[in-house]
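Residue numbers start from 1 in every chain, and the chains themselves are labelled A, B, ... in the order their sequence lines are given, proteins ahead of strands.
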Number of protein chains: 2
Amino acid sequence: MNDSQIFLNIQKHIDLTAEERDWISAVLELRDIPKKERVLEQGQICRKLYFVESGSLRAYNSNKQGKESTIMFAVQDWWITDMYSFVNQKPALLSLETLEDSRLYSLDFLALEQLFTKIPKLERFFRILFQKAYVREQLRVLDAISRTTEDRYARFVAKYPQITSKVTQKQIASYLGVTPEFLSSVKK
Amino acid sequence: MNDSQIFLNIQKHIDLTAEERDWISAVLELRDIPKKERVLEQGQICRKLYFVESGSLRAYNSNKQGKESTIMFAVQDWWITDMYSFVNQKPALLSLETLEDSRLYSLDFLALEQLFTKIPKLERFFRILFQKAYVREQLRVLDAISRTTEDRYARFVAKYPQITSKVTQKQIASYLGVTPEFLSSVKK
DNA sequence: ATAAAAGATTAAGATAGTTTAAGAGACTAT
DNA sequence: ATAGTCTCTTAAACTATCTTAATCTTTTAT
């Protein structure tokens with residue numbers, strides 16, 4: 001397990017000793033999840049942070065009228081969770097669902113808190129991870145409030161070709177915040 | 001300086017010794033900036049992270065047609081910068097402008113990198129800061145793609161009453177991504 | 001105190017996006 | 001294999017939002 005994707009991911013930003021990798025391995029859980037299964041249901045408290053070893057997921061919110069809004073996609077080598085629910089341990093605003101058969105590592109909330117104490121370097125890793133996530137979301141807000149749907153669709157496809165090939169147009173539409181019918185008409 | 005707002009802010013999440021506060025003070029710069037002055041111009045490389053000791057600022061992007069989109073406001077006790085430009089040391093997408101006479105602390109990019117080495121606890125502080133920023137932006141994306149303008153305006157006013165009282169409707173409109181004319185009509 | 005500039009409101013006509021509905025193609029389960 | 005479900009497309013009617021422009025109010029600069 002010490003040479004798996006997840007350690008390569010962490011070691012992009014910090015160095016880990018063999019012992020530190022062991023401590024992390026000890027609390028990581030690895031699970032194979034079939035396609036279209038939800039690992040988190042909106043309303044539940046999210047106890048896990050997920051790392052996508054293989055496969056892909058979608059995080060989305062459903063409003064009272066049942067309209068879905070996709071907040072993020074995650075493919076291999078990405079971290080994903082309902083971060084609001086995870087860090088505050090409050091009911092999730094999002095559901096997390098696999099788009100295909102996937103292999104996921106999960107890190108428990110309390111185990112992660114203990115890892116931060118045991119391996120302070122991890123604070124640095126997650127500082128950098130959240131920093132990038134913050135910048136990414138801020139750019140997405142800018143796109144959402146300043147660009148046309150046509151433009152945003154083109155940029156999505158250019159930025160995330162791996163995702164574009166895995167998801168339906170309906171799901172991309174719900175990521176852009178438009179109806180599938182309108183996205184279909186925009187594509188021409 | 002050791003009892004100023006900025007240390008109270010940092011000490012919300014981590015404890016600092018007197019010596020550590022001194023190290024930080026040594027690289028902090030404090031400046032009074034008059035109203036409507038830009039501390040960062042879009043296109044420049046952003047070298048500073050700002051903390052608002054008093055006053056308020058706005059971060060915004062201008063597109064080719066000159067249309068402004070407000071990415072964030074910052075009031076007393078908030079941190080602000082063009083985080084994309086700051087962490088990547090690339091040309092800024094945003095301008096930063098004071099909304100009123102303000103007193104700002106600034107932390108230089110390289111000085112902060114050195115502080116992370118000297119005071120590893122700061123990694124934890126910024127990990128928590130970015131974690132909250134990420135969650136905030138993700139919720140803003142959800143609002144932007146799933147709610148009506150009327151709803152988003154009401155939520156903005158409810159969430160940021162201090163900001164609402166300081167900024168023009170034009171600026172709120174540019175934060176919501178609608179024209180001032182439409183925001184005006186929505187308010188009735 | 002006055003003039004100039006910027007912000008807010010209103011309204012008419014244009015464009016962007018939604019809703020509903022229908023039909024064609026693809027996948028899923030029995 | 002067949003029916004059933006889901007996706008994608010198209011179109012018409014409707015609603016939300018933008019553009020432009022005029023008027024009024026507030027702020028800023030001399």
Side-chain angles (χ1 to χ4, degrees), chain A residues 34-38 55-56 58 60-70 73 95 97-101 141-157 163-188, chain B residues 33-38 55-56 58 60-70 73 95 97-102 141-157 163-188:
Chain A
K35 182 175 182 167
K36 284 196 179 170
E37 186 162 314
R38 274 189 288 277
S56 52
R58 181 171 74 103
Y60 63 94
N61 170 269
S62 301
N63 71 7
K64 316 94 229 156
Q65 297 94 48
K67 189 186 117 193
E68 292 185 0
S69 300
T70 296
F73 298 104
S95 293
E97 183 177 88
T98 50
L99 294 168
E100 61 193 314
D101 291 351
V141 166
L142 180 57
D143 270 19
I145 68 177
S146 71
R147 295 183 182 273
T148 63
T149 298
E150 187 175 358
D151 205 355
R152 294 199 294 136
Y153 176 70
R155 288 162 64 88
F156 179 85
V157 171
I163 295 175
T164 307
S165 62
K166 285 187 176 173
V167 306
T168 63
Q169 281 193 202
K170 193 182 167 188
Q171 290 167 342
I172 296 178
S174 87
Y175 179 92
L176 298 176
V178 299
T179 60
E181 292 84 356
F182 182 60
L183 180 57
S184 176
S185 81
V186 153
K187 282 177 49 177
K188 295 184 315 184
Chain B
I33 312 283
K35 180 172 183 169
K36 283 198 179 166
E37 186 161 315
R38 275 189 288 276
S56 52
R58 181 170 76 102
Y60 63 96
N61 171 269
S62 301
N63 71 6
K64 316 93 230 157
Q65 298 95 46
K67 190 187 119 193
E68 293 185 358
S69 300
T70 296
F73 298 104
S95 294
E97 183 177 88
T98 50
L99 294 169
E100 61 193 313
D101 292 350
S102 301
V141 167
L142 180 56
D143 270 18
I145 68 176
S146 72
R147 295 183 183 272
T148 64
T149 298
E150 185 175 359
D151 205 354
R152 294 200 293 135
Y153 176 70
R155 288 162 63 88
F156 178 86
V157 171
I163 294 176
T164 307
S165 63
K166 284 188 177 174
V167 306
T168 63
Q169 280 191 203
K170 192 181 167 189
Q171 291 168 339
I172 297 179
S174 86
Y175 179 94
L176 298 176
V178 298
T179 60
E181 293 84 357
F182 182 60
L183 180 57
S184 176
S185 83
V186 153
K187 284 178 47 177
K188 295 183 316 182

Would you indicate what Lys36(A) reaches in the nucleic acid, counting non-hydrogen atoms under 4.0 angstrom: base, sugar-phosphate, or nothing? nothing
Look at all strands and tell whether Thr148(B) reaches a base, only sugar-phosphate, or nothing, counting heavy atoms closer than 4.0 Å.
-> nothing
One should read off an interatomic distance between Arg147(B) CZ and Leu176(B) CG, to the nearest 0.5 angstrom, of 13.0 Å
Open item on the list: At 4.0 Å (heavy atoms only), tell me whether Lys35(B) reaches a base, stays on the sugar-phosphate, or touches nothing.
Closed with: sugar-phosphate
Lys170(B) NZ to dT9(C) P, in whole Å, measures 14 Å
Can a side-chain donor-acceptor contact be found between Arg38(A) and Ser95(A) if the only test is distance below 3.5 angstrom?
no
Just by distance, with hydrogens left out, do Ser56(B) and Glu100(B) show a side-chain donor and acceptor under 3.5 Å apart? yes
Between CD of Gln169(B) and C1' of dT10(C) the distance, given in whole Å, is 13 Å
CG of Asp143(A) to OG1 of Thr148(A), rounded to nearest 0.5 Å, is 10.0 Å
Discussion item. Any side-chain N or O of Ser185(B) below 4.0 angstrom from OP1/OP2 of dA11(C)?
Written reply: no
Taken to the nearest whole Å, CD1/Ile172(B) to P/dG7(C) is 13 Å
Taken to the nearest 0.5 Å, the spacing of Phe73(B) CZ from Lys166(B) NZ works out to 12.0 Å
Here the distance between atom C1' of dG17(C) and atom NZ of Lys188(A), to the nearest Å, is 15 Å
Residue pair Val178(B)/Ser184(A) against DNA chain D: nearer the 5' end by closest nucleotide is Ser184(A)
Between Phe182(B) and Lys187(A), whichever has its closest DNA chain D nucleotide further toward 5' is Lys187(A)
Thr179(A) has its side chain closest, among dT20(C), dT18(C), dT28(C), to dT18(C)
Note: chain A reaches DNA chain D at heavy-atom distances under 4.0 Å over the stretch, first to last nt, 5' to 3', of dT7(D) to dT10(D)
Closest heavy-atom pair, Ser146(B) versus Lys67(A), reported as atoms and distance to 0.1 Å, is O-NZ, 3.6 Å
Arg152(A) CZ to dA16(C) C1', in whole Å, measures 12 Å
dist Ile33(B):CD1 -> Thr98(B):OG1 (nearest 0.5 Å) comes out at 7.0 Å
In whole angstroms, the gap separating P of dA16(C) from CD1 of Ile145(A) amounts to 19 Å
Glu181(B) atom CD is separated from dA6(C) atom P, nearest whole Å, by 16 Å
